[in-house]
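What you see below is based on every heavy atom in this structure, not just the backbone, and it leaves out hydrogens, waters and symmetry mates.
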Amino acid sequence: MTSSVHEKISTESAHSSYHSDKSADQAASVHDNVSEFENEALEKETAPEILTAVTRPTFTRHAASFASTGTRNPEFEVDWDDDNDRLNPRNWPVWYKGLTIGFVSWSTWCVVVYSTSYTTGLAEMQADFHISSEPLVTLGVTAYLIGLAVGSMILAPVSEMYGRRPVYIVSMFLFMILIIPCGLATSLAGVVVVRFFGAIAGSAMIANSPGTLSDITTDEYRALAFSIWSIGPLNGPTFGPIIGGFSTQYLGWRWTNWIVMMISGVAFGFMCILKETYTPALLKRKARLRRKEQDDERYWSRYDDEKVHFLALLKVNLSRPFIMIATEPICIFWDIYIAIIYGILYLEFVAYPIVFTGIRGWSAGISGLAFTGMAVGCFTIIGSEPLIRRMINAHKKDPETGKVPPEAMVSIICIAAALAPIGELWFAWTCVPPVHWIWPILAGVPFGAGNTAVFIYASNYLAQSYGIYAASAMAGNAVIRSLLGGTLPLAGPAMYATLNPHWAGTLLGLIQVSIIPIPVLFWRYGHKIRMKSILIRSMQEDKEKLESRRRSGIELAKKEKEEEEIVRIYSRTAQP
């Protein structure tokens with residue numbers, strides 16, 4: 001009788017233990033799905049090829065590593081200790097967050113400066129390399145911007161595999177080293193090829209800096225952090241001609257390379273000092289240390305057992321942006337709009353030397369100072385961020401989320417959409433004598449302000465609209481704008497020679513006027529357009545489904561654990 005009772009209790013205990021392990025695994029699986037929600041689209045596309053069935057054995061004190069067995073007990077998940085965990089980058093001191101933003105802003109500035117400082121030495125390079133065609137020498141700009149586009153598509157997934165810090169360090173080192181062959185080049189072909197590969201390395205800053213900002217800031221202050229970071233990349237095109245102009249005038253065009261190499265050396269030092277900010281990398285490291293310290297292989301983080309390999313991740317990252325460009329109306333229209341604005345901006349870096357050096361007869365160094373108007377406009381928008389944020393937050397809130405909709409930011413873009421052509425048309429009709437030189441420089445203020453506001457708030461609009469797909473949306477946008485920004489300057493010399501500066505600038509201004517309806521359309525009807533997006537609707541449905549599964553899994557795990565505890569207590573009391 002007693003033996004029978006014990007046998008029954010033992011059976012029930014084993015049965016309960018089995019279900020407890022099973023429910024714990026279910027809870028862990030659900031937790032993984034929620035925690036890795038941002039990779040949901042990737043998992044959908046790669047699961048048939050990559051994910052494999054995983055057996056989950058019974059937990060033991062010295063079981064094999066979960067990395068190989070797949071065992072995951074929710075009680076041993078390693079996460080941030082609490083909302084105030086100092087290891088979480090979002091809880092870093094404000095001064096260190098500011099230092100981090102400054103480091104990545106400076107490094108991104110170095111990469112962008114190198115794209116435009118090149119243009120000030122075109123005439124000298126033509127003479128040194130015995131080239132008669134100015135558009136041919138301009139290929140150095142085109143190759144660089146295409147390299148930035150290609151590199152962004154590659155280095156973004158690399159940072160998702162290995163963390164941001166190692167990618168920054170390796171990329172900035174390669175960027176710095178690849179400047180040397182450009183400075184020593186004996187042919188234009190060598191310059192163009194090396195600049196292309198240098199841009200691929202430098203693109204890590206452009207591709208991953210916004211991710212770093214997202215790692216360390218909350219939603220409330222992300223726009224502010226983005227605006228501060230933008231001081232670097234948005235002023236890089238402006239400071240490039242200034243630095244390049246004086247170095248070319250007094251030291252020769254090769255010194256534009258050596259100066260950028262020096263400042264990129266400082267950037268490399270910053271990247272070596274910078275701490276890792278990427279949450280998956282930090283939690284995997286924390287779990288690894290916990291297993292070592294506790295001598296217990298059951299400790300795990302939700303990012304440890306990722307089955308997605310680099311090549312598959314790279315394949316998805318390369319394909320999805322182009323699929324979105326072709327199928328998503330939001331991406332189609334905004335990519336066209338931003339690419340045109342970006343292309344005309346880079347065309348100005350060819351037009352300004354034509355006007356101020358070629359027509360007004362200024363030296364290369366003084367001609368570079370003509371870009372200060374654009375810099376003033378850029379800093380004006382960045383300095384006005386608190387006021388702009390108040391304007392955005394004054395919009396009616398979405399009743400479902402309790403936050404202002406993404407279209408609130410488009411209202412700022414509508415203003416910027418008017419400022420850019422105003423500045424361009426102003427420059428077109430004041431750029432040549434007998435009009436005083438101050439007027440075309442002042443035209444750069446609204447032009448620079450309009451471009452800056454478009455880049456900051458259009459990027460935020462895409463990111464807020466697509467959520468977990470924001471990286472793909474931004475990658476596709478980077479490719480389109482870099483291609484247009486790299487090819488349009490090739491037409492600059494011929495266009496200004498054929499149409500003269502008045503009508504060439506007028507044509508560009510009218511093109512900008514013709515695309516103003518795009519932001520206006522999204523300001524009025526953006527919500528309806530977003531709700532018709534299959535991708536955005538799918539994202540919302542998946543989020544709701546995963547949240548429901550998470551709640552069900554946690555409740556089931558708790559219930560099974562309580563049943564196991566009851567059986568264990570009964571088993572002890574029933575002992576003879």
Side-chain angles (χ1 to χ4, degrees), residues 116-124 134-135 138 141 234-246 248-249 340-381 415-454 485 488-516:
T116 56
S117 62
Y118 174 90
T119 61
T120 58
L122 295 180
E124 288 76 5
E134 185 174 349
T138 310
V141 178
L234 292 181
N235 281 284
T238 302
F239 281 91
I242 297 175
I243 295 172
F246 282 107
T248 298
Q249 180 180 343
I340 292 175
I341 293 293
Y342 194 77
I344 292 176
L345 171 65
Y346 265 82
L347 185 56
E348 293 304 295
F349 295 109
V350 176
Y352 269 52
I354 292 174
V355 168
F356 290 101
T357 304
I359 297 177
R360 290 187 178 267
W362 292 11
S363 65
I366 300 300
S367 180
L369 291 175
F371 290 94
T372 53
M374 290 189 191
V376 170
C378 178
F379 279 109
T380 299
I381 291 296
I415 299 173
L419 289 175
I422 288 173
E424 180 62 41
L425 293 171
W426 181 347
F427 176 79
W429 291 98
T430 61
C431 62
V432 297
V435 180
H436 193 274
W437 55 265
I438 192 61
W439 293 108
I441 292 178
L442 290 176
V445 176
F447 183 80
N451 278 276
T452 301
V454 166
L488 198 55
L490 295 175
M495 184 174 68
Y496 270 79
T498 303
L499 298 179
N500 76 49
H502 288 320
W503 290 107
T506 300
L507 176 61
L508 297 176
L510 292 178
I511 291 174
Q512 290 179 319
V513 170
S514 68
I515 60 176
I516 289 178

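- Pairing each heavy atom of Trp439 with each of Thr430, the nearest pair is C-OG1, 3.8 Å.
- Residues satisfying the ring pair (Phe, Tyr, Trp, His ring centres under 6.0 Å) test with Tyr352, not counting sequence neighbours, are Phe356, Phe371, Phe427.
- Remark: the backbone N or O of Pro237 is paired with a side-chain donor or acceptor of Thr116 at under 3.5 angstrom.
- Scanning for side-chain contact (heavy atoms from CB on, under 4.5 Å) contacts around Pro489 gives Thr138, Tyr346, Val350, with sequence neighbours left out.
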Donor-acceptor pairs are to be reported for all side-chain atoms of residues 442-453 against protein atoms at under 3.5 Å, with residues two or more places apart or in another chain.
{"unit_1": "Asn451", "atom_1": "ND2", "unit_2": "Phe447", "atom_2": "O", "d": "2.7"}
{"unit_1": "Thr452", "atom_1": "OG1", "unit_2": "Gly448", "atom_2": "O", "d": "2.8"}

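- Here the closest heavy-atom approach between residue Pro421 and residue Ile516 is recorded as CG-CD1, 4.3 Å.
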Checklist line | Derivation of the side chain to side chain contact (heavy atoms under 4.5 Å, CB included) call for Leu369 and Phe246 | finding: CA-CA 9 Å; Leu369 291 175; Phe246 282 107; 4.0 Å; yes

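- By the side-chain hydrogen bond (donor to acceptor under 3.5 Å, both in side chains) test, Glu124 is found to be paired with no residue, residues two or more places apart in sequence or in another chain being considered.
- From Ile511, atom CD1 reaches atom CD1 of Ile341 across 10.5 Å, with rounding to the nearest 0.5 Å.
- For Thr380, there are no side-chain hydrogen bond (donor to acceptor under 3.5 Å, both in side chains) partners at least two apart in sequence or on another chain.
- Of all heavy-atom pairs spanning Leu345 and Met374, the tightest one is CD1-SD, 4.3 Å.
- In this view, Trp429 and His502, Trp503 satisfy the ring pair (Phe, Tyr, Trp, His ring centres under 6.0 Å) rule, not counting sequence neighbours.
- Remark: Leu508 engages Ile344, Leu347, Glu348, Glu424, Met495, Tyr496 in a side-chain contact (heavy atoms from CB on, under 4.5 Å) (not counting sequence neighbours).
- Residues passing the side-chain hydrogen bond (donor to acceptor under 3.5 Å, both in side chains) test with Ser367 are Thr357, sequence neighbours excluded.
- Ile359 places a side-chain heavy atom less than 4.5 Å from the side chain of Pro501.
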